Amino acid sequence: MDTNKTERLTMTVEEAGKALGISRATAYMLAKTGQLPTIRLGERRLVVPKVALERMLVGNSKESAS
């Protein structure tokens with residue numbers, strides 16, 4: 001058993017879309033417009049920080065409850 005496994009801190013835009021229950025195209029559109037939090041690594045790699053996604057969801061659920 002590998003006890004040195006660390007949990008990934010980011011996910012791909014496509015993985016974030018699946019987690020949110022939206023299409024890949026919608027996830028990329030939200031990333032492009034800044035509605036989905038992303039970090040660019042290098043010139044091409046775009047990732048979604050899990051913490052930022054969770055923060056975004058918690059913030060939106062608090063707004064909905066008001």
Side-chain angles (χ1 to χ4, degrees):
M1 185 160 96
D2 185 9
T3 57
N4 291 331
K5 276 193 171 179
T6 57
E7 186 177 337
R8 288 175 44 199
L9 300 176
T10 62
M11 60 178 73
T12 65
V13 174
E14 189 170 348
E15 289 170 336
K18 284 182 184 177
L20 294 169
I22 59 176
S23 71
R24 178 181 181 272
T26 300
Y28 275 101
M29 186 269 305
L30 293 174
K32 183 177 181 179
T33 60
Q35 296 177 70
L36 183 64
T38 59
I39 297 173
R40 182 160 303 278
L41 302 175
E43 290 185 32
R44 296 185 49 109
R45 185 89 167 132
L46 195 62
V47 294
V48 179
K50 289 182 179 180
V51 172
L53 184 60
E54 291 170 0
R55 218 178 282 141
M56 180 190 83
L57 293 172
V58 168
N60 282 340
S61 67
K62 286 181 182 176
E63 291 173 12
S64 298
S66 301

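The first residue of the sequence shown is numbered 1, and numbering continues consecutively from there. Atom set for the values below is all heavy atoms of this structure, side chains included, hydrogens, waters and symmetry mates excluded. Not measured: the values here are computed from a predicted model.
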- Message: Under the criterion side-chain contact (heavy atoms from CB on, under 4.5 Å), I'd like the reasoning laid out for Thr12 against Val48: C-alpha separation, chi angles, the key distance, then a yes or no.
- Response: CA-CA 6 Å; Thr12 65; Val48 179; over 6 Å; no
- Query: side-chain contact (heavy atoms from CB on, under 4.5 Å) between Leu20 and Leu53: does it pass, once the steps are laid out?
  - Reply: CA-CA 10 Å; Leu20 294 169; Leu53 184 60; 4.1 Å; yes
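Cluster membership check: Val47 does not share its hydrophobic cluster with Tyr28, using side-chain heavy-atom separations under 4.5 Å among Ile, Leu, Val, Met, Phe, Trp and Tyr.
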Side-chain donor-acceptor pairs under 3.5 Å in residues 29-40, sequence neighbours left out?
from  : atom 1 : to    : atom 2 : distance (Å)
Thr33 : OG1    : Met29 : O      : 3.2
Thr33 : OG1    : Leu30 : O      : 3.2
Thr33 : OG1    : Gln35 : NE2    : 2.9
Arg40 : NH1    : Glu43 : O      : 3.3

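The side chain to side chain contact (heavy atoms under 4.5 Å, CB included) test applied to Arg55 returns Val51, not counting sequence neighbours. Taking Arg44 as the reference, nothing meets the side chain to side chain contact (heavy atoms under 4.5 Å, CB included) condition, with sequence neighbours excluded. A search for salt bridge (Lys or Arg N to Asp or Glu O under 4.0 Å) contacts involving Glu54 returns nothing, not counting sequence neighbours.
More than 12 heavy-atom neighbours from other residues, nucleotides or ligands sit within 6.0 angstrom of CG on Leu41.
Sequence neighbours left out, the pairs with a member in residues 11-27 that pass salt bridge (Lys or Arg N to Asp or Glu O under 4.0 Å) are Arg8-Glu15, Glu14-Arg24.
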